[in-house]
Protein chains: 2
Amino acid sequence: MKIIAEQVVSVNTKEELAKFAKALAHPTRIEILHLLNTQSCCFTGDLVEVLPIAQSTVSQHLKELKNAGLIQGEINPPKIKYCINKENWQKAKLLFAAFFE
Amino acid sequence: MKIIAEQVVSVNTKEELAKFAKALAHPTRIEILHLLNTQSCCFTGDLVEVLPIAQSTVSQHLKELKNAGLIQGEINPPKIKYCINKENWQKAKLLFAAFFE
DNA sequence: AATACCAATCGCAAATCTACGATAGGCGAT
DNA sequence: ATCGCCTATCGTAGATTTGCGATTGGTATT
């Protein structure tokens, strides 16, 4: 057995990293995040216009990104404006950077 | 429409990033990569010993990491030694870093 | 040649993901 | 109150993922 037993990456970190990675594990979600990150914010309708998929599917992807904590929505009647959740974005950035050393 | 049309992230980059993210999208695979990255290399059996899952499942995870290009196996009869694929590891590191800015 | 060991693959079941159209709900404008 | 717009949710279908035990295949060793 040549594996060092001590757990250098905590269970929580490991799972948190996997959660963020899962959110990024689809080209559409990568694109959404990239658009939000370069555009500051935008409405669901704007995304639907740009992406080659149905509105309901876009909504689902947004929901996943929201659940992962990477974006947040703000009601701006009658639209909903989505932005990067900067706090968690930074967290994810640091986790990935640390993971890759 | 407030979205800038030009595609800053190419389709290929987008898909490559998603591919790497998918490989990282499971706590077990995060742990395997972390072990390999801190241990240089190790055998499948070593991983099976440490991870709380069946040998066949470990083998499956290793296969996915191999397919994503993040690890490589080298035959060392009668065992197989797995290592980080440094070239792609670096590539992934840079892609994630660029994505998060 | 027979045996033992290690790891990959097969076959299967359950769970999750992706996508869509249809429907529902919230809010402003008429 | 009604209409129209925007977005979330529902229901569903098909694909993919995750996990396991059992089996197979490859490589020393006996």
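Just so we're clear, the structure is a prediction, and the values are computed from it rather than from any experiment. The sequence lines fix the lettering, A, B, ..., with proteins before strands; numbering per chain opens at 1.
- Counting to the nearest Å, the P atom of C/dT18 and the CD atom of B/E15 are 14 Å from each other.
- The side chain of B/S56 sits closest to D/dA22 out of C/dA8, D/dA22, C/dA22.
- Summary of the strand contacts: B/I53 and A/T57 both lie near DNA chain D, and taking for each the nucleotide with the nearest heavy atom, the more 5' one is attributed to A/T57.
- Between C/dT18, D/dT7, D/dC20, one nucleotide has an atom nearer to the side chain of B/A54 than all others, and that is D/dC20.
- Listed candidates were D/dT9, D/dC20, C/dA8. Nearest to the side chain of B/K66 is C/dA8.
- Note that CD of B/Q72 and OH of B/Y82 are 11.0 Å apart. Values are rounded to the nearest 0.5 Å.
- For B/Y82 and C/dA8, the shortest distance from a side-chain N or O to OP1 or OP2 is below 4.0 Å.
- Atom NZ of B/K91 has 12 or fewer heavy atoms from other residues, nucleotides or ligands within 6.0 Å.
- Between B/I32 atom CD1 and D/dT18 atom C1' the separation is 13 Å, expressed in whole Å.
- Closest to the side chain of A/S59, from the set C/dT9, D/dT7, C/dC20, is D/dT7.
- The side chain of A/K63 lies closest to D/dT9 when the candidates are C/dT18, D/dT9, D/dA8.
- Here D/dA8 is the nucleotide among D/dA22, C/dC20, D/dA8 with the atom lying nearest to any side-chain atom of A/T44.
- Note that CG of A/L36 and CG of A/L47 are 6.0 Å apart. Values are rounded to the nearest 0.5 Å.
- Distances from the side chain of A/K22 to the nucleotides D/dA22, D/dT9, C/dT16 place C/dT16 closest.
- Between the NE2 atom of A/H26 and the P atom of D/dA15 there is a distance of 15 Å, rounded to whole Å.
- For B/K19 and D/dT16, the NZ to P distance is 17 Å, given to the nearest whole Å.
- Listed here is the closest heavy atom pair of B/N85 and B/G69: CB-O, 3.2 Å.
- A distance of 6.0 Å or more separates the ring centres of A/F20 and A/F96.
- With the nearest nucleotide of DNA chain C identified for both A/R29 and B/V48, B/V48 has the one nearer the 5' end.
- Rounding to whole angstrom units, CD of residue A/E64 and C1' of D/dA8 are separated by 14 Å.
- Distance A/L24 CG to C/dC17 P: 14 Å, rounded to the nearest Å.
- Within the 4.0 angstrom heavy-atom criterion, base atoms lie near B/Q55.
- No donor-acceptor contact under 3.5 Å links the side chain of B/Q60 to the base of C/dA8.
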